[in-house]
Amino acid sequence: MQAVMTKSRPSKETDSREATGRLRPLARVRNIGIAAHIDAGKTTLSERILYYTGITHRMGEVHNGNTVMDWMVQERERGITITSAATTCFWRDHQINLIDTPGHVDFTVEVERSLRVLDGCIAVFCAVAGVQPQSETVWRQADRYGVPRIVFVNKMDRNGADFERVIDQIERVLSARTAVLQLPIGREESFVGVVDLLEMKALYFPEGSLGRVVEEGPIPAELAAEAEQARAVLVERIAEQDDEVLSAFLQAADLSAGLLRAGIRRATLGRKLVPVLCGSALRNKGIQPVLDAVTDYLPCPLDVGPVRGEHPRTGAPMEREVSDHAPLAALAFKVQTDAFGRLVYLRVYSGVLRRGANAFNPRTRRRERIARLIRLHADAREEIEALHTGEIGGAVGLKETVTGDTLCAEHQPLALEPIHFPEPVVSMAVEPKSQADRDRLVETLRTLAAEDPTCRVSVNEETGQTIVSGMGELHLEILKDRMEREFRVHANTGKPMVAYRETLRRSVRAESVFEREIAGQSHYARVVLVISPAERGSGNAVEFMVEENRIPEKFREAVGGGVEDALTAGVLAGYAVTDVRVEVTDGGWDEARSSELAFRAAASEAVRLGLLEGEPLLLEPIMSVEVEAPAEFIGEVLGDLSARRGRIREMTTRGDLQVVRAWVPLAELFGYATALRSLTRGRGQHGMEPFRFDVVPEEIQKALTSYR
């Protein structure tokens with residue numbers, strides 16, 4: 001049996017070159033993320049990658065609270081990832097910019113904005129649990145942004161591990177076409193290595209070497225026939241998706257590993273195939289082949305092609321070449337505030353961003369100066385002179401830039417596609433404990449909302465309470481904890497409440513005339529709207545169908561602002577209005593008296609009148625829930641879900657457990673974890689994710705709005 005030492009990180013002299021220079025050519029850059037359901041092993045995989053690439057000299061463990069990527073106090077205490085962490089490592093002379101993302105549904109925004117700027121992704125699945133609710137969510141997010149991915153089936157050493165079942169679920173549930181590159185050698189406790197189906201050899205990872213030594217050997221006799229059959233299936237799948245491999249396959253059935261790798265790469269970049277590998281991150285088995293797969297199959301920035309956006313003023317489509325010599329185009333995908341100040345995470349798509357230079361923000365139409373540039377290593381920082389095309393890093397000194405903003409060259413402006421963020425579904429009231437905390441609370445909430453677009457802060461006009469909204473109970477708990485620990489703000493908080501929404505049942509026409517004298521000046525505006533219900537989950541849209549002579553262009557932004565103002569609070573119970581289409585169909589103005597203030601007020605009042613006439617409805621968040629429990633308790637579980645207004649949509653078997661998938665209103669799920677443990681004697685577990693907003697039953701709507 002031949003022992004092969006792993007390749008470690010190149011020397012610092014090779015890495016650094018010059019502080020102003022690019023670390024690796026674009027073709028050798030990989031911007032990737034690791035995404036999965038909670039507890040699938042993302043952070044453990046990240047720690048092994050850092051260790052084998054020479055970035056760290058010891059492996060952190062989630063259960064010990066000493067990982068590099070989970071650096072927040074709250075992460076180490078709870079053993080979960082809360083915020084995405086970025087770092088840079090090197091493998092086979094490739095630069096890998098790596099982002100480890102959270103798996104908990106409450107922090108799905110971190111996955112969303114990471115996938116927006118990444119070129120490739122490692123999707124991690126638990127060999128026991130298979131495809132779980134958040135697995136589906138991150139897969140759909142990757143689909144939405146067109147991100148090619150490879151799959152790592154983790155925890156092959158666990159009792160109940162079933163590699164074939166996970167492959168079947170990936171194909172059936174996620175509609176993915178897999179290319180299985182490895183077979184496990186041994187199962188559960190006897191898992192010792194993998195069969196490489198391209199090279200047709202066995203890879204072993206001896207316990208004593210912490211996985212640093214990879215031993216090659218012949219395929220075990222008992223797996224020889226299975227491996228031959230699996231390789232034949234793999235070759236056929238590649239040939240189905242790649243013409244070059246198909247041509248070679250028609251001439252000779254035995255194809256070289258190099259030819260197959262090239263075919264897999266082309267099919268992966270085209271999102272026609274998903275390469276699948278397996279191992280056990282905790283037991284240090286199978287990590288080096290994953291790194292090889294990242295460099296072999298996932299795209300470099302050149303593979304992704306020109307970045308597309310639009311002109312910020314005209315809306316005309318635009319492209320930027322992936323080159324340091326092209327005009328600057330960078331996307332701010334995250335904002336972080338800590339003891340060192342405000343740090344903005346950036347992905348540079350074209351051009352070079354240099355320390356001390358100015359960058360133009362088309363949203364604010366202002367220039368901002370780059371005070372410092374940072375290469376990110378989780379919570380550690382390495383100052384650099386420039387960020388080149390295809391690189392991910394941080395910038396200090398950007399005071400007005402927020403998540404989703406574009407930074408570009410002022411003489412050639414470009415606005416990149418913004419990032420989609422889900423709507424918060426849970427709220428809580430917050431009030432300062434003392435007068436000294438009051439001012440600091442306002443500033444702290446503003447900072448938290450700037451960091452996290454799914455943290456929304458509002459004030460209830462009737463009660464004067466400050467309301468913080470988020471993605472779940474854990475999300476709100478973390479926000480409260482951060483207020484106290486990081487910002488030293490002491491506040492009282494209410495119990496989490498459901499963040500309902502409002503909409504309307506039918507289309508209505510509404511008209512409002514604003515005619516008033518304010519501070520000795522006369523103001524006049526007339527606005528006519530048609531407000532219609534839109535498809536559930538589509539959000540709000542404002543369209544101008546009015547001629548220029550009825551509402552001039554200079555007042556249209558004010559009209560749009562007035563519409564948005566009115567939609568922030570509905571007429572039933574003061575909840576935000578969603579899923580409506582507002583068409584501005586007519587208006588009136590006076591050259592001497594009309595003003596932006598008048599048009600904004602008229603539009604806002606027209607929306608309010610329209611909502612009152614349009615038979616307003618209350619919407620509640622519905623969660624997609626997956627419950628896993630022994631068969632003996634499944635009757636009690638089903639009965640409890642039905643009592644919670646749940647709709648059962650599927651029942652399957654996972655090993656010796658029953659899996660129930662249902663849609664359940666969030667209002668009925670507070671404290672569900674405790675109830676499930678009681679029903680199943682501690683043997684049941686569940687996961688959930690937002691599904692959509694749906695109409696609240698009439699009797700519940702009456703109860704919720706009876707105080708108004």
Side-chain angles (χ1 to χ4, degrees), residues 36-40 103-106 108 123-141 143 151 153-155 158-178 187-188 276 425 472-473 536-537 620-695 697:
H37 188 88
I38 189 171
D39 200 34
H104 197 287
V105 63
D106 284 15
T108 190
V124 183
F125 294 87
C126 172
V128 180
V131 176
Q132 298 171 277
Q134 189 67 3
S135 309
E136 295 185 56
T137 300
V138 299
W139 197 270
R140 305 303 178 206
Q141 288 171 316
D143 281 342
V151 163
V153 180
N154 192 23
K155 303 188 179 184
R158 287 269 305 274
N159 288 335
D162 191 333
F163 183 64
E164 290 76 16
R165 179 172 54 80
V166 177
I167 300 299
D168 176 67
Q169 288 183 350
I170 291 171
E171 297 209 335
R172 179 170 46 84
V173 179
L174 303 179
S175 302
R177 188 76 167 160
T178 61
R187 302 297 172 100
E188 301 178 344
V276 180
V425 295
E473 292 178 86
R536 194 73 69 236
E620 63 179 343
I622 306 297
M623 309 299 286
S624 179
V625 179
E626 180 180 286
V627 182
E628 188 180 82
E632 61 193 278
F633 302 112
I634 210 66
E636 290 86 345
V637 169
L638 292 172
D640 183 67
L641 288 173
S642 296
R644 296 173 185 271
R645 296 193 282 130
R647 286 188 290 167
I648 310 300
R649 60 187 181 94
E650 185 183 22
M651 286 185 62
T652 58
T653 301
R654 182 179 293 160
D656 58 352
L657 297 174
Q658 294 288 315
V659 179
V660 179
R661 294 185 176 89
W663 292 316
V664 188
L666 176 61
E668 308 291 344
L669 289 171
F670 289 109
Y672 182 65
T674 302
L676 181 62
R677 282 196 296 269
S678 177
L679 285 172
T680 61
R681 299 179 187 174
R683 297 169 63 189
Q685 57 182 347
H686 80 291
M688 68 175 76
E689 61 177 337
F691 172 55
R692 68 180 183 189
F693 279 86
D694 213 342
V695 178

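Every value quoted in this text rests on a predicted model; they were computed, and no experiment measured them.
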N/O donor-acceptor pairs under 3.5 Å from side chains in residues 667-675, not counting sequence neighbours:
residue	atom	partner	partner atom	Å
Glu668	OE2	Arg645	NE	3.1
Glu668	OE2	Arg645	NH2	3.3
Thr674	OG1	Arg677	NH2	3.4

Evaluate Val124 against His37 for side-chain contact (heavy atoms from CB on, under 4.5 Å), listing each step before the verdict. CA-CA 8 Å; Val124 183; His37 188 88; over 6 Å; no
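- Remark: Arg649 pairs with Ser624 by the side chain to side chain donor-acceptor pair (under 3.5 Å) rule, at least two apart or across chains.
- Considering only heavy atoms from C-beta on, Val276 stays 4.5 Å or farther from Phe125 through its side chain.
- Between Met651 and Ile648 the shortest heavy-atom distance is CG-CG2, 4.3 Å.
- Shortest non-hydrogen contact noted between Thr178 and Ile167 is OG1-CG2, 3.7 Å.
- Under the rule for a side-chain contact (heavy atoms from CB on, under 4.5 Å), the partners of Asp694 that lie at least two apart in sequence or sit in another chain are Ile622, Arg647, Arg692.
- For the side chain to side chain donor-acceptor pair (under 3.5 Å) test, no residue two or more places apart in sequence or in another chain qualifies with Glu473.
- Under the rule for a side-chain contact (heavy atoms from CB on, under 4.5 Å), the partners of Val138 that lie at least two apart in sequence or sit in another chain are Ala35, Val111, Gln134, Gln141.
- Looking at every heavy atom in both residues, Ser135 comes nearest to Gly130 through OG-O, 4.1 Å.
- You'll find the side chain of Val128 stays beyond 4.5 Å of the side chain of Asn159, heavy atoms only.
- A salt bridge (Lys or Arg N to Asp or Glu O under 4.0 Å) check over residues 631-642, counting only residues at least two apart or in different chains, returns the pairs Glu632-Arg683, Asp640-Arg644.
- Here CZ of Phe693 is found 9.5 Å from CD of Glu620. Values are rounded to the nearest 0.5 Å.
- Residues Gln658 and Pro630 form no side-chain contact, since every pair of their non-hydrogen atoms from C-beta on lies 4.5 Å or further apart.
- Partners of Glu136 by salt bridge (Lys or Arg N to Asp or Glu O under 4.0 Å), not counting sequence neighbours: none found.
- Every side-chain contact (heavy atoms from CB on, under 4.5 Å) that Gln685 has, sequence neighbours left out, goes to Glu628.
- The shortest non-hydrogen separation linking Asn154 to Ala40 is ND2-O, 3.0 Å.
- Residues meeting the salt bridge (Lys or Arg N to Asp or Glu O under 4.0 Å) test with Arg661, sequence neighbours left out: Glu626, Glu650.
- Residue pairs that meet the ring-ring contact (aromatic ring centres under 6.0 Å, His included) test with at least one member in residues 621-650, sequence neighbours left out, do not exist here.
- Minimum interatomic distance between Gln132 and Cys126 (heavy atoms only, all atoms of both residues): OE1-CB, 4.4 Å.
- When all heavy atoms of Ile170 and Val131 are compared, the closest pair comes out as N-CG2, 3.8 Å.
- We find the CG-CD distance between Asp162 and Glu188 to be 9.0 Å, quoted to the nearest 0.5 Å.
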